[in-house]
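Notes follow the structure.
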2 protein chains.
Amino acid sequence: MAAPRPGRAVRGSSTGRPLMAALDLFGRRWNLRIIWELRHGPVGFRALQERCDNMSSSVLRQRLTELLDATLVEQQPDTTYALTELGHGARRALGPLVRWSAEWAATLSAADPEDVPQGF
Amino acid sequence: MAAPRPGRAVRGSSTGRPLMAALDLFGRRWNLRIIWELRHGPVGFRALQERCDNMSSSVLRQRLTELLDATLVEQQPDTTYALTELGHGARRALGPLVRWSAEWAATLSAADPEDVPQGF
DNA sequence: CTCAGCGCTTCGATTTCCGAAGCACTTGGA
DNA sequence: TCCAAGTGCTTCGGAAATCGAAGCGCTGAG
């Protein structure tokens, strides 16, 4: 399947509305994680794979292709991958989600004695 | 697979860190969309299915089970589904992503003459 | 007593994802 | 110069997630 982009029919929506394209893109496994792991600068293929809990290299390549096509990620001359301006924007848009996840953890651990660790 | 929750080992991360649980939960197909479609109040099963481009009912049920377990969604006495307080928090955390997707569309359509529609 | 609509389940087909293996290439010593 | 180690990336068979059509049991309206 082609990478989701606004203006393009995507999985689950034929309208091409930008939000639907975004929801499709981010609803694909590992895409959110990849953007998160690139937040601090360029990372090489194998290093990125390690940061993503050793996800499958075939899927990593596929996701990177999609993110390149969506212009959220670009490949540097030294072949490492980095967020574009747009990619950094997406990363910033994820900030509230990070904060929310902490709130989520706090709420659940208050209602439920499961062992919830610290940090993100 | 069990629904992702902070404190629980999830797909792609054994640490149980809240953010990783969130990235797993939202990285499953349709979950972002379901939360989005519930933003305006309770919706019944079949209506929700329609709003999600007639997604498979079996998967919808599975997702709802996960979201119920994660306490992002609750089922009303009349069997409709609605966001919990936590769910509304997640929905608000998605706000920046919505705004970003518009920016994304604008950037792509400026660089590229693909036909990008209006709205979200 | 229909009948339509509802929430939800089942199940076979399709798509996606996984993961181990390995290829081509570069770098850094010996 | 040769070799070992690391890199980016591909291939491919098996496992898992998703799809979608069909239908079951229930409820309220006519």
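Order of the sequence lines fixes the chain letters, A, B, ..., with proteins taken first and strands second; residue numbering starts at 1 for each chain. All values derive from a computational prediction rather than experimental measurement.
Atom-to-atom, CG of B:Asp78 to C1' of D:dG28 comes out at 14 Å; the value is rounded to the nearest Å. Summarising the geometry, the separation between CD on B:Gln49 and P on D:dT18 is reported as 15 Å, rounded to the nearest angstrom. Distance B:Arg63 CZ to D:dA17 C1': 8 Å, rounded to the nearest Å. The nearest whole Å value for the distance from the CG atom in A:Asn31 to the P atom in C:dT16 is 13 Å. For the pair B:Leu48 CG and C:dC6 P, the interatomic distance rounds to 13 Å; values are reported in whole Å. B:Leu68 has its CG atom 13 Å from the C1' atom of C:dC8, to the nearest Å. One can place CD of A:Gln62 at 16 Å from P of D:dC12, the figure rounded to the nearest angstrom. Rounded to an integer number of Å, the gap from CG of A:Leu60 to P of C:dT16 is 18 Å.
Side-chain contact between B:Cys52 and B:Ile34: present, with at least one pair of heavy atoms (C-beta onward) separated by less than 4.5 Å.
Residue B:Arg11 has no polar side-chain atom (N or O) positioned under 4.0 Å from OP1 or OP2 of C:dC18. The side chain of B:Tyr81 contributes an N or O atom lying less than 4.0 Å from OP1 or OP2 of C:dC8. For the OP1/OP2 pair of C:dT9 and a distance below 4.0 Å, the side-chain nitrogens and oxygens of B:Arg61 include at least one atom meeting the criterion. Residue A:Arg29 places none of its side-chain N or O atoms closer than 4.0 Å to OP1 or OP2 of D:dA16. Neither OP1 nor OP2 of D:dA17 sits under 4.0 Å from any side-chain N or O of B:Trp30.
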Please list, pair by pair, any protein nitrogen or oxygen found under 3.5 Å from a nitrogen or oxygen in nucleotides 19-26 of chain C.
unit_1, atom_1, unit_2, atom_2, d
C:dG19, N7, A:Ser56, OG, 2.6
C:dG19, O6, A:Ser58, OG, 2.8

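Relative to the side chain of B:Thr79, the nucleotides C:dG7, C:dC8, D:dT18 differ in distance, and C:dG7 lies closest. Candidate nucleotides C:dC18, D:dT18, D:dC9 were compared by shortest atom distance to the side chain of A:Gln75, and D:dC9 ranks first.
None of A:Leu72, A:Leu67, A:Val73, A:Asp24 except one satisfies the side chain to side chain contact (heavy atoms under 4.5 Å, CB included) rule with A:Asn31; the exception is A:Leu67.
Remark: B:Gln76 CD is packed, more than 12 non-hydrogen atoms of other residues, nucleotides or ligands lying under 6.0 Å away.
Under the 3.5 Å distance criterion, the side-chain polar atoms of A:Asp53 are left unmatched by any main-chain donor or acceptor of A:Met55.
Both tests do not hold together for A:Arg33 against A:Trp30: distance to the six-membered ring centre under 6.0 Å, angle to the ring axis within 45°.
Here the CG atom belonging to B:Leu94 is positioned 10.5 Å from the CZ atom belonging to B:Arg99, to the nearest 0.5 angstrom.
Under 4.0 Å is where a charged nitrogen must lie from a carboxylate oxygen, and between B:Asp69 and B:Arg8 at least one such pair does.
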